[in-house]
Amino acid sequence: MVTLEGVNDPVTDIVTLEETSDPVTDIVTLEETSDPVTDIVTLEEVSDPVTDIVTFEEVSDQVTDIVTLEEVGDPVTDIVTLEEVSDPVTDIVTLEESPTSMRTKMEMMIMRIQGEICRALEDIDGDKRFFVDRWQRKEGGGGISCVLQDGTVFEKAGVNISVVHGNLPPAAVQQMRAERGKILEGTTLPFFATGISAVIHPKNPNIPTIHFNYRYFEVTDKTGKTQWWFGGGTDLTPSYLDKQDVVHFHQTLKTACDKHSKNYYPKFKKWCDDYFTIKHRGEKRGVGGIFFDDLDNGTEEDIFNFVRSCAEAVLPSYLPIVNKHRNDGYSYADRQWQLLRRGRYVEFNLIYDRGTKFGLMTPGARFESILMSLPLHAKWEYCHSPSAGSKEEELLNVLKNPQDWV
């Protein structure tokens, strides 16, 4: 955040926007003169193959791009254009040796979902492309981080996958025991983890933020026993309440859950409300969704199928809401409220989120990817309180009193 905002300070933006009457125009004007992503593209045009992709796509048909770029055989290029056939994080020989293992199946699934999400968001934004960062972890494994910033529709969107392995340090093992109730013998344990995590922060205050995360974990204790489990969820964080949007979102998730168990949605909906609580504020981060962790009460295959259904429900739960509000007008005051709610988002992620804390404890942690979820701009005001009867108060009442939407 510091690096990005150092170029384009949100307080300065606010002052500039306040001096004029049209915030949308001001935003566009400011982005054209101080866009960190644009700077990256300009530098990449000299030698970076990711920039070549953007340049090539800008002047030719997308289908042609896909065919032509695949013929070149660049794995990073393939990821940008057609995720399903790109090189995975794990060596392809290793995956071919165990095509039916859950490690392989999960990695292939999250790579497909990442590609589908990125292409859909690029199509909607119509302006910026995802910056693709393929990284390696010296302790074992790696990942692919895709980030779009300062677009027309999306202020910041990150879609990350990771496949990592190594040894858990004592602090991480202790967290699993204390917060997850895991019975693990030993202090430094071998582990494997793979998952996809995404946060999408739109520009328009009328479009909510969405977050989703689906993951698979294995850990082997000193007795040689391996424990496995799945975790994940999808949740919505609006700045302004549109009840029709929230009902659609929850109904889509419920439909995905009901395919596997009628008990999943009510159980995981409540879990989501309880988990995404900003305790010191006495309010929820958003209007919920589903959340689950340490899910191992069935066969690996059955739970994997459930997780896949949830991941595939992300786009149909969210894109109709984006398209509905992408051209809605909004005021300077609306933008300020959005920035305040983004501040609440930061508070939860840095203070309470277990995934953030666990990631930071893991040796070789990639901080850029872990902190990808933070918004490009956020704001805090001293003792702020919305006006009685306002739209802002309406949202706050719901955040303090979670509802059943379907």
Side-chain angles (χ1 to χ4, degrees), residues 75 78-79 82-118 134-137 139-146 158-168 172 176 180 182 189-199 211-220 226-234 253 256-257 259-261 264 268 290-315 354-355 358-359 362 366 369-370 372:
D78 292 344
I79 290 166
L82 195 59
E83 195 77 28
E84 293 95 333
V85 296
S86 67
D87 279 3
V89 176
T90 303
D91 179 78
I92 192 67
V93 174
T94 302
L95 295 176
E96 289 176 344
E97 291 173 349
S98 54
T100 62
S101 78
M102 188 51 63
R103 293 186 179 191
T104 299
K105 294 170 74 171
M106 190 69 181
E107 182 172 348
M108 292 299 96
M109 188 271 284
I110 62 175
M111 291 191 69
R112 173 176 63 85
I113 295 297
Q114 184 187 44
E116 293 172 357
I117 298 284
C118 288
R134 181 186 283 269
W135 50 272
Q136 296 293 321
R137 177 176 173 270
E139 291 81 3
I144 306 169
S145 298
C146 299
V159 188
N160 295 349
I161 66 169
S162 62
V163 184
V164 297
H165 52 86
N167 292 299
L168 290 177
M176 283 189 171
R180 300 172 180 265
K182 293 293 181 184
L189 306 178
F191 81 99
F192 170 88
T194 184
I196 181 169
S197 179
V199 179
H211 156 262
F212 74 90
N213 178 297
Y214 292 100
R215 57 196 177 275
Y216 172 72
F217 204 97
E218 291 180 2
V219 62
T220 304
T226 297
Q227 297 186 41
W228 59 264
W229 62 90
F230 292 84
T234 305
L253 297 184
C257 290
K259 293 177 183 177
H260 304 272
S261 172
Y264 276 168
F268 298 153
I290 58 172
F291 176 84
F292 57 90
D293 208 354
D294 306 304
L295 195 61
D296 59 3
N297 58 340
T299 68
E300 276 189 316
E301 189 67 23
D302 286 344
I303 301 177
F304 169 74
N305 289 334
F306 164 63
V307 168
R308 181 174 57 193
S309 293
C310 292
E312 291 172 347
V314 170
L315 287 179
R354 291 195 321 199
F358 179 81
T362 304
R366 195 168 189 278
S369 297
I370 295 171
M372 171 275 298

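When a residue number appears, it is its place in the shown sequence, counting from 1. Predicted, not measured: the structure shown is a model, and the values here were computed from it.
When all heavy atoms are compared, the tightest approach of T226 to T220 is OG1-OG1, 2.9 Å. Contact detail for G233 and F292: the closest heavy-atom pair is N-CE2, 4.3 Å. Across every non-hydrogen atom of Q114 and C146, the tightest pair is NE2-SG, 3.5 Å. Shortest non-hydrogen contact noted between P88 and E107 is CB-OE2, 3.3 Å. The minimum heavy-atom distance between I290 and C257, with the atom names listed, is CD1-SG, 4.0 Å. Taking every heavy atom of both residues into account, H165 and G141 meet most closely at NE2-N, 3.4 Å.
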Would you mind writing out the side-chain donor-acceptor pairs for residues 305-312 within the sub-3.5 Å range, not counting sequence neighbours?
unit_1: N305; atom_1: OD1; unit_2: R308; atom_2: NH2; d: 2.8
unit_1: N305; atom_1: ND2; unit_2: E301; atom_2: O; d: 3.2
unit_1: S309; atom_1: OG; unit_2: H260; atom_2: NE2; d: 2.7
unit_1: S309; atom_1: OG; unit_2: N305; atom_2: O; d: 3.2
unit_1: E312; atom_1: OE2; unit_2: R112; atom_2: NH1; d: 3.4
unit_1: E312; atom_1: OE2; unit_2: R112; atom_2: NH2; d: 2.7

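Side-chain contact check for M108 versus L95: some heavy-atom pair is nearer than 4.5 Å. Counting heavy atoms from C-beta outward, I196 and M109 have side chains that stay 4.5 Å or more apart. Inter-residue side-chain proximity for F268 and L253 is flagged as unmet; no heavy-atom pair is nearer than 4.5 Å. Taking 4.5 Å as the limit, every side-chain heavy atom of V159 sits out of range of all side-chain heavy atoms of I113.
The CD1 atom of I144 sits 9.5 Å away from the CH2 atom of W135 when rounded to the nearest 0.5 Å. The CG atom of D302 lies 10.0 Å from the CZ atom of F230; values are rounded to the nearest 0.5 Å. Within the model, atoms CZ of R103 and CD of E218 stand 4.0 Å from one another, a figure rounded to the nearest 0.5 Å. The distance from atom CE of M106 to atom OG1 of T194, rounded to the nearest 0.5 Å, is 6.0 Å. Atom CD1 of residue I161 and atom CZ of residue R134 lie 7.5 Å apart, to the nearest 0.5 angstrom.
Ionic pairing of E300 and K105 is not present here: no N-O contact between side-chain nitrogen and carboxylate oxygen is shorter than 4.0 angstrom.
Not a single donor-acceptor pair under 3.5 Å links the side chain of S145 to the backbone N or O of S369.
Under the ring pair (Phe, Tyr, Trp, His ring centres under 6.0 Å) criterion, F291 pairs with W271, Y275, F276, not counting sequence neighbours.
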V199/N213 under side chain to side chain contact (heavy atoms under 4.5 Å, CB included): CA gap, chis, key distance, verdict: CA-CA 9 Å; V199 179; N213 178 297; over 6 Å; no
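Partner of R137 under the side chain to side chain contact (heavy atoms under 4.5 Å, CB included) criterion, chosen from V164, V89, V163: V164. Residue F191 forms a ring-ring contact (aromatic ring centres under 6.0 Å, His included) with just one option from Y216, F217, W229, W228, and that option is F217.
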